[in-house]
> 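Below is one structure. I have some questions about it.
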Amino acid sequence: MMQKPLPELFLDVIERHFHMEVMGSNWQDDLRRELNNSNFPNRAEQFQKQFAEAILYQTITPEQYSELTEQEFETPEDLEAELRELWHAFYGDKPVAVKVD
């Protein structure tokens, strides 16, 4: 079965904000600013849904993530744990869910 291509928004955000060389202490503020850009009104909701799908359905492989971020993970489960930590750092206690409130 061929894997569905990852959404462009998700890939772009991962590469630009989660790359190990650019992920500074204020990454959440930078990402929030980008996602809430009024020129792209649905961007925040789209990214949240795509991020949740990546965690819940493992839509991104460790290899793909490494290509974008230069961070390596041995297994999909290790990557999922990292993505859950990033989710928590960005969304707080909001449950990982595909349906956006």
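Just the heavy atoms: all of them, side chains too, but no hydrogens, waters or symmetry mates, feed the values below. Keep in mind that what you see is a predicted model, and the values were worked out from it rather than measured. Position 1 is the first residue of the sequence, and the numbers go up from there.
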> Looking at D93, I'd like to know if its CG atom is crowded, meaning that more than 12 non-hydrogen atoms belonging to other residues, nucleotides or ligands lie closer than 6.0 Å.
no

> Do Y65 and I14 have side chains that approach each other closer than 4.5 Å (heavy atoms only, starting at C-beta)?
yes

> Y57 and V98: which non-hydrogen atoms are nearest, and at how many Å?
CE1-CG2, 3.7 Å

> Surrounding CD of Q28 (heavy atoms of other residues, nucleotides or ligands, distance under 6.0 Å), is the total greater than 12?
yes

> Less than 4.0 Å between a side-chain N and a carboxylate O, is that true for R84 and E80?
yes

> Angle between ring planes, F10 versus F51, binned at 30° and 60°: parallel, tilted or perpendicular?
tilted

> How many angstroms lie between NE2 in H19 and CD in Q71, if you round to the nearest 0.5 Å?
8.5 Å

> Mind checking what makes ring-ring contact (aromatic ring centres under 6.0 Å, His included) contact with Y91, not counting sequence neighbours?
W87

> Is the backbone of E70 close enough, under 3.5 Å, to the side chain of E21 for a donor and an acceptor to pair up by distance?
no

> On a heavy-atom basis, which atom in P62 and which in P76 lie closest, and how many Å separate them?
CG-N, 3.7 Å

> Could you state the interatomic distance from CG (L6) to CG (L11), rounded to the nearest 0.5 Å?
5.0 Å

> Salt bridge (Lys or Arg N to Asp or Glu O under 4.0 Å): which pairs involve residues 5-15, sequence neighbours left out?
D12-R16

> Hey, could you give me the CG/CZ distance between L9 and F40, rounded to the nearest 0.5 Å?
10.0 Å

> Roughly how far, to the nearest 0.5 Å, is CZ of F90 from CG of L35?
5.0 Å

> Using every non-hydrogen atom in the two residues, find where M23 and H17 come nearest and quote the distance to one decimal.
CG-O, 3.7 Å

> For I60 versus L79, what's the shortest heavy-atom pair and its separation?
O-CD2, 3.5 Å

